[in-house]
Amino acid sequence: MLKNKTALITGSTSGIGLGIATELAKQNANVILNGFGSEADIKTAISTIDSLGTGRVVYSSANMLKVNEIEQMIADAQQQFGSVDILVNNAGIQHVMPIENFPTQKWDDIIAINLTSAFHTTRLCLTKMRANNWGRIINIASVHGLVASVNKSAYVAAKHGIIGLTKTVALETAEQGITVNSICPGFTLTPLIQAQIDDRAKTLGSQEAAIEVLLNEKQPSKTFVQTEHLGQLALFLCSDAASQMTGVSLPVDGGWTAQ
Ligand code: NAD
């Protein structure tokens, strides 16, 4: 389905980004992986994704905090593949702390990685998408782009922001075969959530108890979303059937935002 299309997924060395890269690679897209990790983990991610389809796989170590590195990543991608046809803005970090104690550097980093990097990648990829009259931009927001939780001020602000960015870019590109949408996952078991489970396990005594409390608090299905589910939804958004879906935010949250 995606032969000759090139997908760039920011933050795809683990978790949801890797899950999305997996589904796009299976459909023979060229894949540009990005993110941090040990050399061994990155090598494994590249060779696993490479084994899934006929597309080429490359890796960019660009830091989403740094505009010059984002610019270089997109320039390299366009030089190697002609254009980025599918842009998945997924890189993200979290920090949980009441606002009075929230470290100001963490605020800046969360806004930069979770929101501002998507502004840069989007502005840099759009000219080629417009020229091709085809493009898919998929922003990995969160349920926290739709509703708030305590102690997550920067994350909730960034995720609400990316939903606003999604709608604006959708309107600016609506006549050019480009769609721009957000996916809003609920709790998905990845390293980002594992850190919150580990924190709770310190007071609750075990990982199992921490997971139970976390899910019971917010996610009515009491089951984690799987990265495969999110990858499959991203794939659908790349299909012709989704060509008239633009500017929407799709919760995949076991009922969280229905409450
Ligand atoms: P994760 O920690 O597994 O993945 C985050 C990825 O971003 C990693 O590849 C990491 O290396 C990369 N990254 C972090 N900082 C970076 C930087 N400065 N430059 C480049 N890459 C960087 O976490 P995840 O849960 O897979 O998160 C992916 C996205 O999904 C995030 O935007 C997150 O907010 C969102 N999300 C996650 C959940 C969840 O429950 N896990 C729920 C809703 C939304």
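Here, residue 1 is the first one in the sequence, and each next residue gets the next number. Each ligand, and each atom within it, is numbered from 1 in the order the structure gives.
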Please state which protein non-hydrogen atom is closest to [atom] and give its distance, to 0.1 Å?
atom: atom 40 (O) of ligand 1; result: Thr188 N, 2.8 Å
atom: atom 11 (O) of ligand 1; result: Phe36 N, 2.8 Å
atom: atom 7 (O) of ligand 1; result: Gly11 CA, 3.4 Å
atom: atom 19 (N) of ligand 1; result: Met64 N, 2.8 Å
atom: atom 9 (O) of ligand 1; result: Thr13 OG1, 2.8 Å
atom: atom 13 (N) of ligand 1; result: Ala91 CB, 4.3 Å

Measuring from [atom], which candidate in [options] has the nearest non-hydrogen atom?
atom: atom 36 (N) of ligand 1; options: Phe224, Phe187, Tyr155, Trp256; answer: Tyr155
atom: atom 30 (O) of ligand 1; options: Thr10, Val88, Ile16, Leu230; answer: Ile16
atom: atom 27 (O) of ligand 1; options: Val225, Ile20, Ile193, Leu192; answer: Leu192

Quick one: look at Ile113 and ligand 1, take heavy-atom pairs under 4.0 Å, and tell me if it's side chain, backbone, both or neither.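 The part of Ile113 near ligand 1 is the side chain, not the backbone.
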With heavy atoms under 4.0 Å as the rule, classify the contact between Ala62 and ligand 1 as side chain, backbone, both or neither.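 The answer is the backbone.
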Side chain or backbone, does Ile93 bring an N or O within less than 3.5 Å of an N or O on ligand 1?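 There is no such contact.
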Taking a cutoff of less than 4.0 Å between a non-hydrogen atom of the residue and any ligand atom, is [X] in contact with ligand 1?
X: Ser12; value: yes
X: Ala141; value: yes
X: Lys159; value: yes
X: Gly19; value: no
X: Gly186; value: yes

I need the atoms of ligand 1 closer than 4.0 Å to a non-hydrogen atom of [X], numbered in the order shown.
X: Thr190; answer: 3 (O), 23 (O), 24 (P), 25 (O), 26 (O), 41 (N)
X: Pro185; answer: 42 (C), 43 (C), 44 (C)
X: Gly35; answer: 11 (O), 21 (N)
X: Asn63; answer: 17 (C), 18 (N), 19 (N)
X: Asn90; answer: 28 (C), 29 (C), 30 (O), 31 (C), 32 (O)
X: Asn34; answer: 20 (C), 21 (N)
X: Ser14; answer: 1 (P), 3 (O), 4 (O), 8 (C), 9 (O)
X: Gly92; answer: 5 (C), 7 (O), 31 (C), 32 (O)

Checking side-chain contact (heavy atoms from CB on, under 4.5 Å) between His144 and each of Ser149, Pro185, Cys184, which is the one that passes?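 Exactly one pass, corresponding to Ser149.
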Taking side-chain contact (heavy atoms from CB on, under 4.5 Å) as the criterion, tell me which of Val88, Ile86, Val31, Thr227 meets it with Ile20.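 Result: among Val88, Ile86, Val31, Thr227, Val88 is the only option passing the side-chain contact (heavy atoms from CB on, under 4.5 Å) with Ile20.
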Leu214 and Ile193: side-chain contact (heavy atoms from CB on, under 4.5 Å), yes or no, with the steps? CA-CA 10 Å; Leu214 190 84; Ile193 287 300; 4.0 Å; yes
Using the ring of Trp134 (Phe, Tyr or Trp, six-membered ring only), decide whether Lys5 places NZ or CZ under 6.0 Å from its centre and within 45 degrees of its axis.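 Judged by the rule (NZ or CZ under 6.0 Å from the ring centre, within 45° of its axis), Lys5 counts as positioned above Trp134.
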Just checking Glu39: does its CD atom have more than 12 heavy atoms from other residues, nucleotides or ligands closer to it than 6.0 angstrom?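 No, because the 6.0 Å sphere around CD of Glu39 holds 12 heavy atoms or fewer from other groups.
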Is the count of non-hydrogen atoms from other residues, nucleotides or ligands lying under 6.0 Å from Lys66 atom NZ greater than 12?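 Incorrect, the count does not exceed 12.
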Less than 4.5 Å apart, side chain to side chain, heavy atoms only: is that true for Val169 and Asn139?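 Side-chain contact under 4.5 Å: no.
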Is there a side-chain contact between Tyr155 and Ser142, using heavy atoms and a 4.5 Å cut-off?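 Yes, side chains in contact.
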Evaluation steps, salt bridge (Lys or Arg N to Asp or Glu O under 4.0 Å), between Arg200 and Glu217: CA-CA 13 Å; Arg200 284 166 186 250; Glu217 250 173 38; 3.0 Å; yes
Donor-acceptor under 3.5 Å (Ser12 side chain, Leu18 main chain):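 Flag not set: sc Ser12 to bb Leu18 has no pair under 3.5 Å.
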Keeping the roles fixed (side chain from His229, backbone from Gln226), state whether a donor-acceptor pair exists under 3.5 Å.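 Such a contact is found between His229 side chain and Gln226 backbone.
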Relative to each other, are the rings of Phe187 and Trp256 parallel, tilted or perpendicular (30° and 60° limits)?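 Taking Trp256 first and then Phe187, their aromatic rings sit tilted (interplane angle of 30° to 60°).
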Evaluate salt bridge (Lys or Arg N to Asp or Glu O under 4.0 Å) for Glu175 paired with Arg130, printing each intermediate quantity in order. CA-CA 9 Å; Glu175 294 179 57; Arg130 285 190 207 276; over 6 Å; no
